[in-house]
Engineer: 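Right, I'll just put the structure down here and ask away after.
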Amino acid sequence: MKIATYNVNGVNGRLPVLLRWLQETTPDIVCLQELKAPGEKFPEEAIRDAGYNAIWHGQKSWNGVAILTRNLPIEEVGRVLPGDPEDVQSRYIEANVNGIRIACLYLPNGNPAPGPKFDYKLGWFKRLAAHTQTLLAMDVPVVITGDFNVMPTELDVYKPERWLDDALFRPEVRAAFRELVAQGWTDAIRKLYPDEKIYTFWDYFRNAYGRDAGLRIDHFLLSPHLEGRLTAGGVDRYVRGWEKTSDHAPVWIEISES
DNA sequence: ATGTCCCTCGACGAGGGA
């Protein structure tokens with residue numbers, strides 16, 4: 001079973017790219033982030049015509065997440081990260097698909113740091129860690145995936161020294177990611193490629209993709225049940241080279257059937 | 001500080017976010 005995550009940066013502006021990628025790579029489960037569309041403007045019909053069921057949590061202008069499946073029923077189990085009734089940003093959706101609990105997230109960017117946006121990011125991380133502890137305790141197969149807006153280590157940044165003060169790489173954020181993983185999760189892409197430079201995002205500025213000035217910020221965390229079922233994974237980085245493309249590339253893993 | 005691209009409002013570009 002192939003599971004993918006893709007920050008589309010506008011699901012409607014990106015629709016031709018998204019549909020082409022779905023058609024060419026046929027993932028079984030797809031987590032999308034940054035829909036940048038309210039719920040009623042989600043392109044449900046085009047996605048259904050492409051062969052996918054979908055659940056989504058939209059919002060006007062910003063954020064927005066969705067889970068798509070091909071030939072598999074989706075049972076939504078939540079669309080809010082618990083812990084803050086004041087948080088109205090659509091950054092989280094969770095479902096059961098084919099015996100796996102799938103959590104799709106779009107973690108706050110957090111810039112500029114320090115500041116209220118950075119505090120929101122750290123608070124979001126704290127709530128996430130509490131919730132993932134609950135998921136672990138359920139003792140079922142879980143995949144947590146999406147745009148974490150964190151480069152976990154220096155290997156995940158083209159020029160680490162330039163990003164030290166950025167909200168995607170500050171020590172507090174790297175520590176939060178490290179502590180989250182230490183609960184018992186496996187960073188699937190890093191497990192498959194322990195020493196390689198792997199990027200999932202290239203800025204639109206300054207020809208970042210052409211220079212391979214990238215970041216690894218889209219991740220898969222696997223519960224202990226799934227660690228041994230991980231058979232492959234990678235980044236569809238060529239998609240980043242398409243016309244009218246997102247600044248992220250799709251990332252995917254392959255999970256064997258139990 | 002810059003660069004680019006998305007979104008919205010609602011004007012014929014500007015501003016916010018990333």
Side-chain angles (χ1 to χ4, degrees), chain A residues 5-21 31-44 46-47 56-66 86-92 104-125 128 145-152 156-170 172-174 176-177 199-219 235-251:
Chain A
T5 185
Y6 188 16
N7 179 322
V8 288
N9 189 10
V11 71
N12 287 304
R14 212 63 68 201
L15 195 56
V17 166
L18 173 62
L19 294 176
R20 177 181 170 194
W21 168 73
C31 293
L32 300 179
Q33 303 86 34
E34 276 207 85
L35 304 179
K36 290 188 170 179
E40 63 272 20
K41 289 201 178 151
F42 183 82
E44 180 180 15
I47 283 172
W56 61 93
H57 183 190
Q59 180 183 333
K60 193 161 88 172
S61 303
W62 321 123
N63 310 317
V65 286
E86 309 279 291
D87 184 4
V88 294
Q89 300 190 22
S90 53
R91 298 180 172 276
Y92 191 84
C104 170
L105 64 84
Y106 174 45
L107 224 135
N109 175 294
N111 278 305
K117 291 187 175 181
F118 191 61
D119 295 341
Y120 174 62
K121 179 177 199 170
L122 294 179
W124 212 94
F125 238 124
L128 179 62
T145 188
D147 178 359
F148 284 69
N149 269 316
V150 182
M151 296 84 90
D156 303 311
V157 200
Y158 67 99
K159 266 198 195 327
E161 64 277 14
R162 286 201 190 165
W163 288 81
L164 292 172
D165 289 330
D166 192 279
L168 279 67
F169 197 56
R170 282 177 69 105
E172 306 94 307
V173 172
R174 275 184 276 167
F177 185 84
Y199 299 145
T200 66
F201 167 94
W202 297 262
D203 215 306
Y204 287 124
F205 304 161
R206 296 173 300 246
N207 188 33
Y209 181 61
R211 297 184 296 121
D212 197 24
L215 310 173
R216 188 173 76 97
I217 56 177
D218 301 273
H219 307 296
V235 180
D236 291 337
R237 54 179 290 155
Y238 57 91
V239 175
R240 180 62 181 78
W242 290 356
E243 289 295 311
K244 299 276 286 175
T245 200
S246 170
D247 41 5
H248 294 248
V251 189

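Order of the sequence lines sets the chain letters (A, B, ...), proteins ahead of strands, with each chain counted from 1.
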Engineer: Without decimals, in angstroms, what is the distance between Phe169(A) CZ and dA18(B) P?
Structural biologist: 20 Å

Engineer: May I have the distance from Leu107(A) (atom CG) to dA18(B) (atom P), rounded to whole angstrom?
Structural biologist: 12 Å

Engineer: For Arg14(A) and dC6(B), is the shortest distance between a side-chain N/O and OP1 or OP2 below 4.0 Å?
Structural biologist: yes

Engineer: Could you tell me the separation between the CG atom of Leu215(A) and the CG atom of Asp247(A), rounded to the nearest 0.5 Å?
Structural biologist: 10.0 Å

Engineer: Just one of Asp147(A), Thr5(A), Thr145(A), Asn9(A) clears the side-chain hydrogen bond (donor to acceptor under 3.5 Å, both in side chains) bar with Gln33(A), so which one?
Structural biologist: Thr5(A)

Engineer: Hey, which of these two, Gly10(A) or His248(A), hits DNA chain B nearer its 5' end, going by closest nucleotide?
Structural biologist: Gly10(A)

Engineer: Once you apply a heavy-atom cut-off of 4.0 Å, does Lys117(A) come out as touching a base, just sugar-phosphate, or nothing?
Structural biologist: sugar-phosphate

Engineer: Is it true that the side chains of Asp87(A) and Tyr120(A) contain a donor and an acceptor less than 3.5 Å apart?
Structural biologist: yes

Engineer: Could you tell me the separation between the CG atom of Asp203(A) and the C1' atom of dG17(B), rounded to a whole number of Å?
Structural biologist: 12 Å

Engineer: To the nearest 0.5 angstrom, please state how far the CG atom of Leu15(A) sits from the NZ atom of Lys244(A).
Structural biologist: 12.0 Å

Engineer: Exactly one of Phe125(A), Phe177(A), Trp124(A) should register a ring pair (Phe, Tyr, Trp, His ring centres under 6.0 Å) with Phe148(A). Which one does?
Structural biologist: Phe177(A)

Engineer: Looking only at the side chain of Phe205(A) (C-beta and beyond, no hydrogens), which of the listed nucleotides dC6(B), dG16(B), dT4(B) gets closest?
Structural biologist: dT4(B)

Engineer: Rounded to the nearest Å, what distance is computed from the CH2 atom of residue Trp62(A) to the C1' atom of nucleotide dC6(B)?
Structural biologist: 8 Å

Engineer: Could you tell me the separation between the NZ atom of Lys121(A) and the P atom of dG17(B), rounded to a whole number of Å?
Structural biologist: 16 Å

Engineer: Arg206(A) CZ to dA1(B) P: how many Å, rounded?
Structural biologist: 13 Å

Engineer: When rounded to the nearest Å, what value does the distance between C1' atoms of dG13(B) and dA1(B) take?
Structural biologist: 23 Å

Engineer: Go nucleotide by nucleotide along DNA chain B from the 5' end; which of Lys60(A) and Asn63(A) gets its closest nucleotide reached first?
Structural biologist: Lys60(A)

Engineer: What is the distance, rounded to the nearest whole Å, between atom CD of Glu243(A) and atom P of dT4(B)?
Structural biologist: 15 Å

Engineer: Within this structure, what is the CD-to-C1' distance between Glu34(A) and dG16(B), rounded to whole angstrom?
Structural biologist: 13 Å

Engineer: As a test of reading the structure: which of dT2(B), dC7(B), dA18(B) is closest to the side chain of Lys36(A), going by heavy atoms?
Structural biologist: dC7(B)

Engineer: Expressed in whole Å, how much space separates the P atoms belonging to dC6(B) and dG10(B)?
Structural biologist: 22 Å

Engineer: Can you tell me which nucleotide in dC6(B), dA18(B), dT8(B) comes closest to the side chain of Pro38(A)?
Structural biologist: dT8(B)

